[in-house]
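Let me begin by presenting the structure, written as structure tokens, before commenting on it.
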Amino acid sequence: MNIHYVTREGYEKLKKELADAIAQRPVISAAIAEARDKGDLSENAEYEAAREAQGILEARIVNLKDQVASARVIDESQIGTEKVQMLNKVRVMNLNAKKEMEFTLVGESEADFAAGKLAAT
């Protein structure tokens, strides 16, 4: 299991996504049951779609559980600025555009270029 580093905010977001995904299980199960009640499963596209949605949801839940289990929350108060590391703000010069940009280094799951967050990897 690979360790990935996240902020407290990122960790809470992962846990919320996991809880939301788990909460969708009964909804998918109900859709499968409803489609099953409509008759022949071999020709029931609604049933197949619901089963596919269930597979996607379960894969997402497994992925989120792995991310939560392997997450290491970084304490921002313990981060120094004497070297480049997670949660540091860095300035990058775009030589083509002659423009300076500022980014915060974060874990892969929190990376968002538009929000100024770059994955440290």
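Keep in mind it's a predicted model, so treat the numbers as computed, not measured. Just so you know, these numbers use all the heavy atoms, side chains as well, and skip hydrogens, waters and symmetry mates.
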key: Contacts of Y5 that satisfy ring-ring contact (aromatic ring centres under 6.0 Å, His included) - sequence neighbours left out   = none

Provide the closest heavy-atom pair for [X] versus [Y] in the form atom of the first, atom of the second, distance.
X	Y	answer
A71	Y11	CB-CD1, 3.8 Å
L18	I61	CD1-O, 3.9 Å
P26	I22	CD-O, 3.8 Å

So, taking the atom named [atom1] in [X] and the one named [atom2] in [Y], what distance separates them when rounded to the nearest 0.5 Å?
X	Y	atom1	atom2	answer
L118	M101	CG	CE	8.5 Å
S29	Q24	OG	CD	11.0 Å
D37	E34	CG	CD	8.0 Å

If you look only at distance, which donor and acceptor atoms sit under 3.5 Å apart when one is on a side chain in residues 50-57 and the other is two or more places apart or in another chain?
unit_1	atom_1	unit_2	atom_2	d
R51	NH1	Q54	OE1	3.0

query = For residues N63 and Q67, is any side-chain donor paired with an opposing acceptor at under 3.5 Å?
reply = yes

query = Looking only at side chains, do T104 and K89 share a donor and an acceptor under 3.5 Å apart?
reply = yes

inquiry  = The test is salt bridge (charged side-chain N to carboxylate O under 4.0 Å, His left out); show your working for K16 and E12 and say whether it passes.
reply    = CA-CA 6 Å; K16 182 179 180 337; E12 295 304 323; over 6 Å; no

task = Check whether any side-chain N or O of E110 sits under 3.5 Å from a backbone N or O of K117 as a donor-acceptor pair, and report yes or no.
result = no

message = Tell me if the CD atom of E58 is crowded by more than 12 foreign heavy atoms within 6.0 Å.
response = yes

message = More than 12 heavy atoms of other residues, nucleotides or ligands under 6.0 Å from CD of E46: yes or no?
response = yes

query = What's in the same ILVMFWY side-chain cluster as M93, cut-off under 4.5 Å, chained through other members?
reply = L95

task = Look at the side-chain heavy atoms of Ile, Leu, Val, Met, Phe, Trp and Tyr, link any pair under 4.5 Å apart, and say whether L14 and V73 land in one connected group.
result = yes

